[in-house]
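Worksheet: one structure, shown below.
Atom set for the values below is all heavy atoms of this structure, side chains included, hydrogens, waters and symmetry mates excluded. Each chain gets a letter, A, B and so on, in the order its sequence line appears, and its residues count up from 1.
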2 protein chains.
Amino acid sequence: MSDKAAPSTETRTTSLNNLPPHQGGAEALARLLARALFAGRWRPGDDFPKEMDLCHHFAVSRNQVRNALASLTATGLIERTAGRGSVVRMVDDWHLLDPLVSDWMTGIESLDASLIREIFAFRYSAEPVVARLAADAAEPADLDRLEAAYQGMCATADKPGARDLHAEHDVAFHDAIYRASHNLVWRQMGHLLRPSIIALIQSSQARVSGEHEGLDDSLARHGRVLEAITRRDGAAAESAAREVLRRTAIDLAIVPTPSHSHPTPEDSP
Amino acid sequence: MSDKAAPSTETRTTSLNNLPPHQGGAEALARLLARALFAGRWRPGDDFPKEMDLCHHFAVSRNQVRNALASLTATGLIERTAGRGSVVRMVDDWHLLDPLVSDWMTGIESLDASLIREIFAFRYSAEPVVARLAADAAEPADLDRLEAAYQGMCATADKPGARDLHAEHDVAFHDAIYRASHNLVWRQMGHLLRPSIIALIQSSQARVSGEHEGLDDSLARHGRVLEAITRRDGAAAESAAREVLRRTAIDLAIVPTPSHSHPTPEDSP
DNA sequence: CTTGTCAAAATGTCAGACATTTATTAATCT
DNA sequence: AGATTAATAAATGTCTGACATTTTGACAAG
């Protein structure tokens, strides 16, 4: 009748059962299910496992399962109807801007490539504008955060062992830009950066070893953003931020050609 | 000891008890509480009513109350801790990008002015960029939506009885721009428009009767955005979209002076 | 072939008891 | 008297079982 969603949960239960002892109960279960969903365990339109199956397979009470599924429902990942069951919703309906979703997404290796492209396309169009706002509104504390993150990136560059730490500083740098805009809405969008940056670093890891100059170059461009914001030069900050993202944008085929991408005065040096 | 949050709920229960018979149970209760919160019923840091008090005052089961409070928790409006109770979180922590929050906010008359300014400042910086993207990515269906919304705005202009309908078409127009960008993230931000536009129309209602020319002028500017997007002229769409928002931005003191706000080539005429 | 009714399955809801955390108050020891 | 500890109360979190509601499919009657 229904597809083999539930039985297949039984078979692959091994990979899902080894969760860190007991964290937040429902919270941990929601994270687990969401990450399995993002990893491609089920596709939009598929039937999601039934409550009782999850109760049995994870040996938790129905309450925990219901709370976890409530989180997935609230974030638009699944839809539940009375006597029918739960189905995975279309990607268009996922609340990508919910901090929970961003948190769940971080570190998923097999994220849908088109999803990464969508998120990065957003960043590519938004972050330059935010950098301009940041140059206008930044306060000393913001500049300190930016400087600290940049120094952290410098300290962890070229060290293959500290790649995760470097990524963390990278996230912190971009997040500091959003915070420096001093706008409630832009600020909350900083959450969206984490999965995107992590995924990009993971995927560019292969390429970077071939071309080699990528890392230093990226570092220099970040430095130029920091310098422009410190100098309170909005226009320079905007184009510098665009330069930071441009190469990755080209690789992801988001910007058609590197020539006439954005006719801003400062764009053609 | 604790402030008078709970007792005052008793006294003013009259204004909250007349809810449309019974809609979605917990869903309706969450909406009710959220709107009361947005209307200034409690301020950040205040104690939120206890579960049992809400159960008693609204004559609903504890389950309903817990589900409603779970929604408020998930959207960052309140924070609940084990034996302490629930407190209202700072505005910075509210998930303004959650569709639920936008929905709850629409139509609140006494919204915090600074919150409206923050949301509009975001729109003022973002929407021009989105308009540029829309000009590049719009498909026939998108143009149809834009055209339909614009016609709707024209048909309901200058008719004082159809102000709500005009606002609805206004929302549809701007939402169509975001959808036309064909980017998952930008698209989901369309939800953020509704409370902002409604609030602005309500607040500008007094001013418009004095200056009079505001409405026709706004209509013409919207038309210029539509025309630029149809013409696939990204630069023109960007500046036209900025023009739509500029006057309101000036009134809200978001853009410092009307002269050197954004040095884009098409910006001077 | 259509329609009506019944039964099974799944989610939604309720009520009560119990567990856990937090804060206050009282008691005890130095 | 002051500080530390123990008991108590209040609030939220959790579990369990039963019941309600909705959906779907099967089966029989027309």
Side-chain angles (χ1 to χ4, degrees), chain A residues 1-10 19 21-33 42 45-89, chain B residues 1-10 19 21-33 42 45-89:
Chain A
M1 172 178 310
S2 75
D3 54 0
K4 53 185 174 181
S8 55
T9 308
E10 300 179 20
L19 68 172
H22 262 129
Q23 285 202 356
E27 204 171 330
L29 181 57
R31 178 185 177 85
L32 200 71
L33 294 172
W42 306 276
D46 284 0
D47 276 16
F48 206 76
K50 318 295 178 189
E51 286 184 356
M52 298 311 292
D53 292 336
L54 294 172
C55 289
H56 185 252
H57 294 334
F58 291 100
V60 294
S61 74
R62 195 177 161 214
N63 245 336
Q64 306 266 27
V65 172
R66 282 188 62 78
N67 287 337
L69 294 182
S71 283
L72 301 194
T73 306
T75 50
L77 269 50
I78 65 175
E79 182 182 14
R80 316 190 65 196
T81 59
R84 200 185 172 313
S86 312
V87 299
V88 178
R89 294 181 66 174
Chain B
M1 170 160 313
S2 78
D3 53 2
K4 53 186 175 182
S8 55
T9 308
E10 300 179 18
L19 68 172
H22 263 131
Q23 284 202 0
E27 204 172 329
L29 180 57
R31 178 186 177 84
L32 200 71
L33 294 172
W42 305 277
D46 283 1
D47 276 16
F48 206 75
K50 318 296 178 189
E51 286 184 356
M52 298 311 291
D53 291 336
L54 294 172
C55 289
H56 185 250
H57 294 336
F58 292 100
V60 294
S61 74
R62 196 179 159 210
N63 243 334
Q64 306 266 26
V65 171
R66 283 188 62 80
N67 287 336
L69 293 182
S71 283
L72 301 195
T73 305
T75 49
L77 267 50
I78 66 174
E79 182 183 14
R80 316 190 67 199
T81 58
R84 201 185 171 320
S86 312
V87 298
V88 178
R89 295 181 64 173

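- The line from CG of A/Asn67 to CG of B/Asn67 is 8.0 Å long, rounded to the nearest 0.5 Å.
- The NZ atom of A/Lys50 sits 15 Å away from the C1' atom of C/dG12 (whole-angstrom rounding).
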Trace of the side chain to side chain contact (heavy atoms under 4.5 Å, CB included) decision for A/Val88 with A/Asp47: CA-CA 6 Å; A/Val88 178; A/Asp47 276 16; over 6 Å; no
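- Set against C/dT11, D/dT12, D/dT14, the side chain of A/Glu51 has C/dT11 as its closest nucleotide.
- Look at CG on A/Asn63: it is 17 Å from P on C/dA17, rounded to the nearest Å.
- One interatomic measurement links the two molecules: CD of A/Gln64 to C1' of D/dT16, which rounds to 13 Å at whole-angstrom precision.
- Proximity of residues 75-85 of chain A to DNA chain C (heavy atom under 4.0 angstrom from any strand atom) is restricted to A/Arg80, A/Thr81, A/Ala82, A/Gly83, A/Gly85.
- Here the straight-line distance linking atom CG of A/Leu29 with atom CG of A/Leu72 works out to 8.0 Å at 0.5 Å rounding.
- The line from CG of A/Leu33 to CG of A/Leu77 is 10.0 Å long, rounded to the nearest 0.5 Å.
- What separates CG of A/Leu69 from P of C/dA10 is a distance of 14 Å, to the nearest Å.
- Checked by atom type and distance alone, the side chain of A/Gln64 never pairs as donor or acceptor with a backbone atom of A/Gly25 at under 3.5 Å.
- Whole-Å rounding puts the B/Asp53 CG to D/dT12 C1' distance at 13 Å.
- Whole-Å rounding puts the A/Phe58 CZ to D/dC15 P distance at 15 Å.
- How far CZ of A/Phe58 is from CG of A/Asp53: 10.5 Å, rounded to the nearest 0.5 Å.
- Here CG of A/Leu54 is found 10.0 Å from CG of A/Leu32. Values are rounded to the nearest 0.5 Å.
- Where A/Met52 and B/Ser61 each meet DNA chain C at their nearest nucleotide, the meeting point lying more 5' is that of A/Met52.
- Sorted by first and then second residue, the pairs that involve residues 66-85 of chain A and meet salt bridge (charged side-chain N to carboxylate O under 4.0 Å, His left out), not counting sequence neighbours, are A/Glu51-A/Arg66, A/Glu51-A/Arg80.
- Contact annotation: side chain of B/Arg62 to base of D/dG13, donor-acceptor pair present below 3.5 Å.
- Between the two ends of the helix from C/dC1-D/dG30 to C/dT30-D/dA1, each summarised by a five-pair axis, the helix axis turns through 0° (rounded to 10 degrees).
- Here A/Lys50 contributes atom NZ and A/Ser86 contributes atom OG; the two are 7.0 Å apart, rounded to the nearest 0.5 Å.
- Atom CZ in B/Phe48 sits about 19 Å away from atom C1' in D/dA10, given to the nearest Å.
- When rounded to the nearest whole Å, the span between CZ of A/Arg66 and P of C/dT13 equals 7 Å.
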